Each structure stands twice: as structure tokens, then as C-alpha cells.
Amino acid sequence: MSAPTLSGAGTGEGAPLATTDAVELALVVDGERVLVRAHPLERLSDVLRARLGREGTKVGCDAGDCGACTVLVDGAPLCACLTPVGRLDGRRVDTVEGLGEEPTGRALQRAFLRHGAAQCGFCTPGMLMAARALLADTPTPTTAEVEDALGGVLCRCTGYRSIVDAVCETHLELEDAPAPEVGKAVGARVARLDGAAKVSGSDAFGDDGVDPAALLVRIVRSPHHRARVDLGDLAAFVASTPGVERVLTAADVPGRNVHGVIPPFADQPVFAEGETRFLGEAVAAVVGEADVVARLDLARLPIAFEELEAVLDPVAALAEGAPRVHAGRAGNVLVRGLVERGGDVDAALAGAAVTAEGTFTTGFVEHAYLEPEAGWARMEDGVVVVQATTQAPWMDREDLAAILGLPLEGVRIVPTAVGGGFGSKLDLSLQPYVALATLVTGRPTRIRYDRIESMRTTTKRHPSSITVRAGADAEGRLVAVDVAADFDTGAYASWGPTVANRVPVHASGPYHVPTYRARSRAIHTHQAPSGAFRGFGVPQATIAQECVYDELALALGMDALEFRLRNALTAGSPTVTGQVFETGVGYRDCLEALRPWWERARARAGEATDGARRRGVGLAGLWYGCGNTALPNPSTIKVGLDPEGRVRLHQGAVDIGQGSNTVMAQILADALGVPLERIVLVDADTRHTPDAGKTSASRQTFVSGNATHRAGRALAHELARLAGTTPDDVIDLGLERGRLSVRSTAGLVAVDLAALPVDADGLVVACSATYDPPTVPLDEHGQGEPYAVYGFGAQLVELEVDVETGSIALERIVAAYDVGRAINPTLVEGQIEGGIAQGIGLALMEEWLPGRTDNLHDYLIPTIGDVPEIVSILVESGDAHGPFGAKGVGEHTLIPTAPAILNAVRDATGVRLRRVPAIPSRVLEALRAAGVGPSSHPDGSERRR
Ligand code: FES
């Protein structure tokens, strides 16, 4: 046994340094003089949040890498997490919570709301304060000045362009748009209804509003990818450590020591027993008084780890005699996927006029949301209440109840605001530990992962190795496509089965492919679990498919846009699963929308190929099915009237920044025929809102939006009935001062709402509705109707490659998306810009290496200077199934960015890159291997003309 090396910090706030050395300091915070006793080295961020109760300042890394905690000290922007409070005696500190007290601050907040510059809102306080410092000196900044001033603050949601626009326009003090007229909420650029809390710092995230008396939980984690564990005498440790209440292990789990997002595959233990399977896996949790546990040296615990042989990639995992990650999963293969159609794919490829093929690889990608996992638990009338950051409250409740050995009603989930999720917060992380700690101690308990813990232990995008072979006839029509895709699913199943099933359905791209075969495998390794990340494997598959299709076009001497148009799916043509859509197939329209941009960019790309810089342009398209793959996927929404005549929208579709709170309200307003401002949101809470499913798979606008529309129509019927008429005869509804007024063809009827009985939710009239998309299960050949709706899109990238350094400079990205109907164009554009920024990260810089890039200093995500001009074009095909014709768009936006970039690099240099991220050293290596340098020029025959 080696000596234990333990990870896991999670110190959290409320864990101050020793008070014996504390000094009294006088600060002027947001204009108010405050006295505070604190250790001089205590972080300003902790003092603001834990001692002064100003939680508007958010903490994303405690290392000065993310800038979320930016405040102004005597007017200068500083990271509060790196600023010792002892330096600040007598000085002025301004935070987001004082921003609304002065005119420029208010104008800045309004501009952020108008531009949709706050999505999840976690970076927003830091962005606002950095911008406020700039505007103090430069009231009318240029784009470059804004980018320079905000360069130290990261945002993972917006893609930054809306933030830059908001800051540039603050001085104009533009009026807010008037509220939409009744019946015109859908399609209006409404500012997000929950936005005011985000720009004022009052939005409560997982770590906000915690009971200050809560016990602190810290998790003891494996220092090895695979290890045998000896827990030692933990009882003796607890007995000899004042302030430590318990050390929890698998033996303390009263129910099932396992969880998983897909029940038949659930395999992840709350605490590993006997053997750990990935670096950072939990084996125990220390629970105790915050000041003791925060400063506890976890190496004092008697836990020892013996390192064992591990398999760290799929090649090693598939090798003969490789250690088994799970005893019951032969060959370390978790699951396989298959879609095949049209006969013998090898024969069809052999008969093609031209063929192209390639193998493309991707690594682990970290979600890098700005808010690390955080939350707390408490007992309330015998129920364990967990208040935490999550995308899936009902799934959390089900798993926690099983873990705690309680009935479902014994657990209540209250999702907090979510500081970005992108798929990873679908899986349980901290929740079992605080829930169990509270159950066994009876006291409130809390936890906040530190940045390393968050990045090391939560799910990642699946690394992949994908081979595509494709063939076309002499006219450029695809005749056959063959795909073989391997994914590293890590130590536990998580969403591996979903990736393995979704990828074969999508790996053809949005094209008519008569002969098709796509096989996939999810392979276990001793790595952190791979899970859901904006696209469930489709971004990786699209890289391979769209790059190989570009090679086919080159081989044919065809223009890349024309090649895609010739093969594009249209209404009436079957997909590779045999599904035929009669409406809502807007891919050709997206490509045509790009045509003028493409032709201009093609002309420019031909001009500048001198010296070390090579200009290129690339295209890629995508399709993406909204919702679960051929599985039930219902959402239920409840709406009603309270006695004051407000319309209450009980919607459990967790808004993780994408805007579901606002979109559902817009849909409800028009379904019911009332002004948008009459609607009051009731946030997700498993006690008060029905099950709207998880926020994933781009399903909320489509699925929960349909449920909202149905509930709104049901309420309209009910109100008409109360007034003795029918919805068809209603001319308008009035809901003023506790009175329902229904004007119909028969006259005006008033109903005194206050005279009606109220239900448990305080509603006098209430309706619920459920929507479950119509799908048909896939057969053994992958044939069926996996999704009721697909979204389509295409992106065009213009860039320059420096062939001397291997660096790639993006100039512009134009994105055209078929969104069915844009319920809120500003929110849709925000999704497009944010998805593109993550696509840039996937393509050019992001690679998570366990134990090496577990922080935001070494793991690079796009900064404000990395995202170029983005032009968004919205195509509205009016889908037959969508609410008001709308489709989802959240994941679609990331998918084509990386292949479009790789195709543009190919265009610029003649070199096909096959591994992402295309960091400069890899690009340079590929260029050198192809003999491309400053003195060479790309072969004209290899470029599209
Ligand atoms: Fe910037 Fe979410 S809005 S991190």
C-alpha cells in the first residue's frame, strides 16, 4: 500500500481562516461603510460573500483564471478571489450589487438585458464590473477597447458578441422595446424574464443562500486511475478529531450505492467499494463543522490506496487480456449501435465513381461552465430537501430516493439558478453526499466543488475515433456511406448508450444516402465518465462526415455548396432510418441563405495566398433530432390563475441559461391570449411544478413548449367555460384586480376570482397538460422514427492559417439555422453564438488531460478575443409538430463549427487535419508533413474554384 494521496478540497465559503489572527477592517462597499473582522489574508470574495452576505459576486475558480468575481477596488477591476482583504482597509469596493444605484450602471444592466448578454448569468457580475470600469474612462468604447477591457472575464454561454454589443451601446441609453401586443409575444425580442436578477447579482446559484450553520462536506477521492482501497479505522479518526461528525462511506448508504442517468445501465457508486475506477473517484466524505473540515488535512485519514494497472484509452481497453473495467461487460464494450439501410454498403462503395475516406479523432472536452457544482441539503418535515445546481431535478429525485432508501416523496429537489450545464449537470455530482450527510446528521450540510474537483470528476465529451467512407456517382450524388465510430465512455455508463445510439442515426448528415451503414461502440476505460455534452457524440461524428464529404466534392471538382445542395434531404425523401418528413426540412434553405456569403468568401479566399498567411473558407452542415432517441420523452406543464388574476406558469423545465423561462411564458401568453406581463413564473421544484423532464437534447422549447401550449389552450377553455361561453366565441380576456372579464360574441361576463376556492398551489383555476413526441422505436437495423422533429443548419467559416506558426485566425462565421419558428430571436441568436464559441473551443484549443489540465489556467476555452464576428440567419420552416412551429436549437449550434473550420483550413493550405483540437503544434506538424510552408503555395487543383 502506498501512502494515501487525497484530492478533494471543496472548502466552500463560511470556512474562514483562523479568527485568532483576525483584524478589524473598515471598507466602503457599494457606498456603505462597513466594519469587518477577518484574517488579513482572507480572500475578498469570501469576505464579501460569507461575512458581508453579498453573494452577487460569484466565484468560479478561486485562482484568478475566470474573472467571475471581478469587483472594483477604488475604481480598478480586480479578481476578488486573489485580493487579500487585509490590503483594503479604508478603501472602496464596488460590486454588482451597487451597480443599479447609479445611471451608467443601470444603463449597462439594461443594455445587457436588451442584447441577451446574460444567459446563465454566472459570469455576468464580473463582466458588468469590468465593463463599468471601462465606461468610467471611456464612455463610448470601440469593439477593440471592450474586448481588451473584458479579456480577463470568461463566459461559457454567450460567445461574447452580445456582451461586446451591449457595452458599446450603453452610452446610447436606448429605450427598452415596448411589451408585445396581445397575441404577438411569440416572435418578439423579449428580454429574458429572469434577467433582472442576473444583472443585479441577486440570482441564487447552488452556493448562494446556504444556511450559515450548515455542516461542510468534503469528499475523499482516489489519487489513481485505478486503485485498491483500504478505508482503515475511520471510527477512531472521527473519535479523535473534534469538529468532525462523520466520515461517510459505502457502508453508510441506506439504499442503493449506485446511480446512473439511464436506469438499465446504472453503475456508478456513490462511494467506490474495494476498487476505484477513475482518477478522483469518491471513496468517503468527511462531514463536520465548517471551520474544522475546511482546514482538515485529508491525508490524516487512515485511507490507503494501492495503484492497480489501468486502461486509459479504447485501444488499450480492447486489447487481448486488458483489465476489465466492469466484470460483466465483455471486452470493455458497454454498448453497440447500428443503423443500416439500402443493402451492401461495400458493394455500393465499390461501384461509386469517386470515393473518399478518413479517420478523425477527438479528445476529452470539459464543459467548463463557470459555476462549479454546489448545493446544500436540509431536513424539512421529514423530507430531505436538496437545493443544488442541476439540469434534471426529477431524475435527481429518483436516484437520491433510491440511494437514501426513501420513497420518492421523501426527497424534494429545489434547483437553483444554474451557472451553465451543457449536459454535465444532468448527472448527479454533489447531491448524494449532502443528501446522505443531512439524512444521517439531521443537520443542514453544504458542499462546493473547487475548480479542480469539478473538472477532474464530472463527465466529459466522449473522445472518439471515427472512420467514414463515402462514395458518389459522377454527377455528385451520394451512393453509399459507411461509418465506424468508437467512443471512450470512461469508467461508468452515464450517457454512453445515448451517444452510441444517436450517432449512427446522425452520421449520414442531413443528406439523402441510399446505402448506409453506421456502427458505434461505447468502450469503458479507467477515465472519468464521459457523458452528455451539447450534441451527444454528433459533433464528433459530424467532423468526420462533413470533412469526408468535402473531400468527395474536391475529388469530383464540385463546389462544396453545390455538392451539399445536390444531396440535401428534402421533404419527402427518406432519412437513413427510413423516416419521411413532409414538412420542416429546411436544410436546403439554410444552404441557400449562405450562398451570397459563400460566393463572396470564395472570391476573397482566392486573393490572399501570399507569404505565411493563407486564407480559406469552409462549410459544414448538420441535422439534429430534438428529444430522446426513439424513447418516451414527456413533459408536463401546469398553469393557472391566482385570486389576483395573475397567470401562474408552473414550469419545471430548468432554465440553464438557454431561456426556457422566457420562451414558455411567450408561448403561454399567446396560447391563452393574455399580455405577457400577466404571467408569473413558478420556478422548478419537485414539490410545486410537474415533471417537465430534463433540460437536454434540445427538447425544452419543442417538448415542454408543446405542453405549455396545450396547458394554455386548456386554461383558455376553462376560463371561457367559467364565463359561460367557448374559446371560439371569446373576443378578449381581462385579468385585472382579481376579476376575470371575458368579452365574447354574447357580451361581457365578469367573474370574481377572489370568490373561488384555491388549490394547494394557491390557484383558483388550474390546468395541466402533457406532451410526448410521437416516435417509432428503431428495429434491429436501426430503422424507425427516432425523432418527431429535426433541426437543420449550416455554417461558413472564413479564416487565415499562418503556415509559419500553425496558428489559425478566425475572421467571420456565418450561421444559418432552420429553427422552425423563432419564439424569441434574441435568445435563438444567443444560442447560436454560444454554441459556435464552444465549437471553436472543440476545434482549436480544448483538450482535457486528467491530472494535467484540471483548471481554467491550463485548460483553455475561448476568450472574448477568440470569437470572431458571427452572422446569424434564422430560417423558419414552420415545423408541423412544434409549438407555433418551433424546434429546439441548443445543441445544433455547436455541431458544424469544427468541421467548417477544418474544411476552411483544407481550403487555405491543401492540408486535411484529422485530429482536434487543431492546436498550432499539430497544425504545424501536418503542414510540414505535407511540405507546406511560407515558401510553398497550395496546389491550385486542390482548391475549390
Ligand atoms: Fe456567461 Fe453563462 S452567461 S457564463
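Just so you know, ligand 1 is whichever comes first in the structure, and atom 1 is the first atom listed for that ligand. The shown structure was predicted, so the numbers you read here are calculated from the model rather than taken from an experiment.
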With under 30° as parallel and over 60° as perpendicular, where do the rings of H367 and F533 fit, or are they tilted in between?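 Parallel.
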Polar protein atoms (N, O or S) that approach atom 2 (Fe) of ligand 1 to under 2.8 Å: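 Listed by chain and number: C120 SG, C157 SG.
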Are K460 and E366 close enough for a salt bridge, meaning some N to O gap below 4.0 Å?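 Salt bridge flag = yes for E366 with K460.
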May I ask you to say whether R812 pairs ionically with E869, meaning some side-chain N is under 4.0 Å from a carboxylate O?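 Counted as a salt bridge, because a side-chain N and a carboxylate O are separated by less than 4.0 Å.
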Apply the salt bridge (Lys or Arg N to Asp or Glu O under 4.0 Å) test between D62 and each candidate in R49, R451, R448; give the one that qualifies.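 Of R49, R451, R448, salt bridge (Lys or Arg N to Asp or Glu O under 4.0 Å) with D62 is met by R448 alone.
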Does K58 count as lying over the ring of F205, i.e. NZ or CZ under 6.0 Å from the six-ring centre, within 45 degrees of the axis?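 No, a cation-pi geometry is absent between K58 and F205.
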Could you verify whether a donor N or O on one side chain and an acceptor N or O on the other, from D427 and T459, lie under 3.5 Å apart?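 The answer is no; no qualifying pair exists.
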